[in-house]
Amino acid sequence: RGACHNQSDYFMVDIGQADAAIGLELFSRHGRAEKAANFARHQNWRTLFNALVMCYFANVAPEDVVGLINSACGLKWDIAEALQVGERGWNLKRLINFRLGLRPEQERLPKVFLQPFTDAAAGTGGFVPDITSMMQAYYQARGWDLQTGFPSRQKLIELGLGWALSIEEAA
């Protein structure tokens, strides 16, 4: 369905809500490829929120989220394990999308976003995102093949998703 704040409200990180507890750093809002790993980590965190059906606006501290999961489910997770659950979910969505026909050439921004912004008053005059290097850095941060965008064998095995390797062949 395209861009959606319900998949990752990373704009909140860009305005200063970079939570170190989940490993987020603060970068310039005009940052480029250096933000890829940060962005992927944030998506993992929000994927966990989606799985829990938690509202983003509550902005519950990571330690409290993990504590709630542990109390409700009798687990002993730490934040890293919770993030990995989100990463697993994000990669599963990627596999499903590939199975349904998604290809890297379809991952593009509308033309209007690839032209220089003209609003100098907002500090964006002349800024154009380098989407090619940003996508490559994102694929690398995710552990996906740089050409196909498909999760690597190593990444799928690391996430306990080795059984899904056949999806690549079927896609």
Side-chain angles (χ1 to χ4, degrees), residues 1-27 29 31 35-104 106-109 134-146 148-171:
R1 69 183 193 196
C4 175
H5 75 282
N6 287 320
Q7 297 306 309
S8 178
D9 57 339
Y10 192 82
F11 59 89
M12 297 299 286
V13 175
D14 275 343
I15 63 169
Q17 291 185 13
D19 196 328
I22 58 173
L24 295 178
E25 298 177 53
L26 187 59
F27 292 97
R29 68 184 174 127
K35 294 170 76 169
N38 218 42
F39 190 73
R41 181 173 286 275
H42 189 266
Q43 287 175 324
N44 296 344
W45 184 244
R46 289 313 196 195
T47 298
L48 176 68
F49 266 60
N50 283 339
L52 296 170
V53 193
M54 285 188 70
C55 177
Y56 292 175
F57 299 131
N59 213 13
V60 179
E63 300 81 8
D64 293 338
V65 172
V66 173
L68 289 168
I69 293 168
N70 289 340
S71 293
C73 301
L75 300 171
K76 294 182 181 181
W77 283 358
D78 59 18
I79 291 173
E81 289 169 304
L83 279 164
Q84 189 177 46
V85 168
E87 184 178 11
R88 186 177 298 117
W90 192 266
N91 277 273
L92 277 170
K93 288 189 281 188
R94 183 73 172 178
L95 294 171
I96 290 167
N97 283 331
F98 258 80
R99 181 67 186 248
L100 294 173
L102 176 74
R103 295 297 174 265
Q106 296 166 308
E107 296 182 303
R108 60 188 184 283
L109 292 174
M134 292 168 80
M135 289 297 292
Q136 288 294 295
Y138 178 77
Y139 283 6
Q140 185 172 9
R142 280 265 174 226
W144 295 350
D145 182 273
L146 297 180
T148 67
F150 193 85
S152 69
R153 172 184 274 312
Q154 178 182 347
K155 177 53 69 176
L156 292 176
I157 291 169
E158 171 190 320
L159 294 172
L161 300 173
W163 55 267
L165 287 166
S166 62
I167 291 174
E168 182 178 29
E169 293 136 20

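FYI, side chains are in, hydrogens and waters are out, and symmetry mates aren't considered; it's all heavy atoms of this structure.
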> Go through the structure and list residues passing side chain to side chain donor-acceptor pair (under 3.5 Å) with Glu87, not counting sequence neighbours.
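Applying side chain to side chain donor-acceptor pair (under 3.5 Å) to Glu87 gives Lys155.
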> Sequence neighbours left out, what passes side chain to side chain contact (heavy atoms under 4.5 Å, CB included) with Leu26? Give chain and number order.
Ala18
> As an exercise, state the distance from CG of Leu159 to CG of Leu92, rounded to the nearest 0.5 Å.
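Rounded to the nearest 0.5 Å, the CG-CG separation comes to 8.5 Å.
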> Show every side chain to side chain donor-acceptor pair (under 3.5 Å) that has at least one partner inside residues 10-26, sequence neighbours left out.
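Found Tyr10-Asn38, Asp14-Lys35, Gln17-Asn59.
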> Please indicate whether Gln154 has more than 12 foreign heavy atoms, meaning atoms of other residues, nucleotides or ligands, lying under 6.0 Å from its CD.
no
> Roughly how far apart are Leu109 CG and Met135 CE, rounded to 0.5 Å?
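The distance works out to 8.5 Å.
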> Can you name the side chain to side chain contact (heavy atoms under 4.5 Å, CB included) partners of Asn97, sequence neighbours left out?
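Testing Asn97 for side chain to side chain contact (heavy atoms under 4.5 Å, CB included), a comparison that skips the adjacent residues, returns Leu102.
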> Is any side-chain heavy atom of Arg29 less than 4.5 Å from a side-chain heavy atom of Phe11?
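A side-chain contact under 4.5 Å is absent here.
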> To the nearest 0.5 angstrom, please state how far the CG atom of Asp145 sits from the CD atom of Gln140.
11.5 Å
> For the residue pair Gly149 and Pro104, what are the closest heavy atoms and their distance?
N-CG, 4.1 Å
> Side chains of Phe49 and Val65, heavy atoms from C-beta outward: is any pair under 4.5 Å?
yes
> Between Tyr56 and Arg46, is there a cation-pi geometry (under 6.0 Å to ring centre, at most 45° from the normal)?
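Yes, Arg46 and Tyr56 form such a contact.
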> With the side chain counted from C-beta on, respond yes when Thr47 and Lys93 share a heavy-atom pair under 4.5 Å apart, and no when they do not.
yes
> Apply side-chain contact (heavy atoms from CB on, under 4.5 Å) to residues Asp9 and His42 and explain how you reach the verdict.
CA-CA 8 Å; Asp9 57 339; His42 189 266; 3.0 Å; yes
> Passes side-chain contact (heavy atoms from CB on, under 4.5 Å), Ile69 versus Leu52? Steps please.
CA-CA 9 Å; Ile69 293 168; Leu52 296 170; 3.6 Å; yes
> Could you state the interatomic distance from CG (Leu68) to CD (Glu63), rounded to the nearest 0.5 Å?
11.5 Å
> Drop me the distance from Asn91's CG to Phe150's CZ, to the nearest 0.5 angstrom.
9.5 Å
> Out of curiosity, Leu165 CG to Ile157 CD1, how far, rounded to the nearest 0.5 Å?
6.0 Å
> Can you name the side chain to side chain donor-acceptor pair (under 3.5 Å) partners of Tyr138, sequence neighbours left out?
Gln43, Trp90, Arg142
> Sub-3.5 Å donor-acceptor pair from the side chain of Ser152 to the main-chain atoms of Trp144, do we have one?
no
> Would you call Pro62 and Trp45 a side-chain contact if the rule is heavy atoms closer than 4.5 Å?
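Yes - at least one pair of side-chain heavy atoms lies under 4.5 Å apart.
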> Check step by step if side-chain contact (heavy atoms from CB on, under 4.5 Å) holds for Phe39 and Ser8.
CA-CA 9 Å; Phe39 190 73; Ser8 178; 4.2 Å; yes
> Output yes when a side-chain donor or acceptor of Arg41 lies under 3.5 Å from a complementary backbone atom of Leu83, and no otherwise.
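A pair under 3.5 Å: no.
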> Quick one: side chain to side chain contact (heavy atoms under 4.5 Å, CB included) partners of Val85, sequence neighbours excluded?
Leu48, Trp77, Arg88
